[in-house]
Amino acid sequence: MDKRTIRKEVLKRRDAITATDKKAKDDFIKNNLLALPEFDKARVILFYASYKSEVDTFDLMKYCISNSKIIALPKVDAVSSELIIYKINDLSELSLGYQNIPEPNVSDDRIMNVNDIDLIIVPGVAFDDKCNRLGYGKGFYDKMLNEKSSPAVALSYEDSVPVQSHDVKMDIIVTDKRIIARNGY
């Protein structure tokens, strides 16, 4: 099965999760993420702004802000096909950006380097139990993750979808049922 077909099938299943079930799954994922030693130790965390049926990250970002952690979010540079990382002080600093996904709307003096980040929370369509990631197909995160030195953690609803091995592997995946860690984490 090709990646495009896998993406469509997984997104269809994910979009069908009821609001009540999604809230329960998101809470389980949030609690497991907060319990990770990597999260506890992280001072600077790169989040993604959850969009549509993705695992909610807004409650996590609010938690971090209220607990004196520094958060950052990416902004898509469509010209270079890269993510630019910005420090965010408040969620009100986000506005709709690339494909109507919330992005930082702050000055360039808040740009951060990926190596300034202690923990990267990564979006994706599907993940497998070997920590492989199937993204949305543009390669924005794959480019950034190839440069990173900090752990990459994916938040995902449990799904038994095969992922091809050339996508960048996550270090840890927190699902609505378990935590999957790659060797060394």
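If you're wondering where the values come from, they're calculated on a predicted model, not measured in any experiment.
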Would you indicate whether Arg43, at its atom CZ, is surrounded by more than 12 heavy atoms from other residues, nucleotides or ligands within a distance under 6.0 Å?
no

Can we say Asp26 and Lys30 salt-bridge, meaning some charged N sits less than 4.0 Å from an Asp/Glu carboxylate O?
no

Could you walk me through whether Asp109 and Tyr86 pass side-chain hydrogen bond (donor to acceptor under 3.5 Å, both in side chains), step by step?
CA-CA 9 Å; Asp109 65 340; Tyr86 290 86; over 6 Å; no

Kindly indicate, with the supporting measurements, whether the criterion side chain to side chain contact (heavy atoms under 4.5 Å, CB included) is fulfilled by Val44 and Met112.
CA-CA 10 Å; Val44 182; Met112 301 181 77; 3.6 Å; yes

Do Lys87 and Ile71 touch side chain to side chain, with heavy atoms closer than 4.5 Å?
no

In one Ile/Leu/Val/Met/Phe/Trp/Tyr side-chain cluster, 4.5 Å: Ile117, Leu83
yes

Would you say the side chain of Leu96 lies within less than 4.5 Å of the side chain of Glu103, judging by non-hydrogen atoms?
no

When you look at NZ of Lys143, are more than 12 heavy atoms from neighbouring residues, nucleotides or ligands closer to it than 6.0 Å?
yes

Should Met144 and Ile88 be regarded as members of a common hydrophobic cluster, given that ILVMFWY residues are connected when their side-chain heavy atoms come within less than 4.5 Å of each other, either directly or indirectly?
yes

Determine whether Leu36 and Lys41 satisfy the following criterion, side chain to side chain contact (heavy atoms under 4.5 Å, CB included), listing intermediate values before the conclusion.
CA-CA 9 Å; Leu36 287 177; Lys41 288 187 285 188; over 6 Å; no

Give the C-alpha distance, both sets of side-chain angles, the deciding distance and a yes or no for side chain to side chain contact (heavy atoms under 4.5 Å, CB included) between Leu33 and Val153.
CA-CA 9 Å; Leu33 178 66; Val153 177; 3.9 Å; yes

Do Asn146 and Tyr141 have a side chain donor and acceptor closer than 3.5 Å?
no

Hydrophobic cluster membership, with links at side-chain heavy-atom distances under 4.5 Å among I/L/V/M/F/W/Y: are Leu94 and Leu46 in one?
yes

Polar side-chain atom of Lys69 near backbone of Asp40 as donor-acceptor pair, under 3.5 Å:
yes

Please assess Asp171 against Ile120 for the test side chain to side chain contact (heavy atoms under 4.5 Å, CB included), listing each intermediate value before the final yes or no.
CA-CA 10 Å; Asp171 298 308; Ile120 302 171; over 6 Å; no

Rounded to the nearest 0.5 Å, how far does CD1 of Ile173 lie from OG of Ser156?
7.0 Å

I'd like to check Cys131 versus Ile180 (side-chain heavy atoms, cut-off strictly below 4.5 Å). Are they in contact?
yes

Any Cys64 side-chain heavy atom under 4.5 Å of Ile45 side chain:
yes

Under the salt bridge (Lys or Arg N to Asp or Glu O under 4.0 Å) rule, what do Asp21 and Lys25 come out as? Steps first, then yes or no, please.
CA-CA 6 Å; Asp21 287 346; Lys25 290 172 183 286; over 6 Å; no

What pair of heavy atoms forms the shortest contact from Val122 to Ala152, and how long is it?
CG2-CB, 4.1 Å

Would you indicate whether the side-chain heavy atoms of Lys130 and Lys169 approach each other to under 4.5 Å?
yes

Arg133 and Asp142 ion-paired at < 4.0 Å:
yes

Taking the side chain as every heavy atom from C-beta outward, state whether Glu54 and Tyr48 have any pair of such atoms under 4.5 Å apart.
yes

Starting from Ile121, can I reach Phe28 by hopping between I/L/V/M/F/W/Y residues whose side chains sit under 4.5 Å apart?
no

So do Asn100 and Tyr51 actually touch side chain to side chain, heavy atoms under 4.5 Å?
yes

Going by distance alone, is a donor N or O of one side chain under 3.5 Å from an acceptor N or O of the other, for Ser53 and Asp15?
yes

So CZ of Arg7 and CZ of Arg14: to nearest 0.5 Å the spacing works out to 11.5 Å

Do the ring planes of Tyr63 and Phe39 sit parallel (below 30°), tilted (30 to 60°) or perpendicular (above 60°)?
tilted

Return yes if some donor-acceptor pair links the side-chain N/O of Lys75 with the main-chain N/O of Asn105 below 3.5 Å, else return no.
no

Student check: side-chain heavy atoms of Ile85 and Val114 closer than 4.5 Å
yes

Do Phe47 and Phe58 have ring centres separated by under 6.0 Å?
no

Within the side chain of Asp77, is there an N or O that forms a donor-acceptor pair under 3.5 Å with the backbone of Ser81?
no

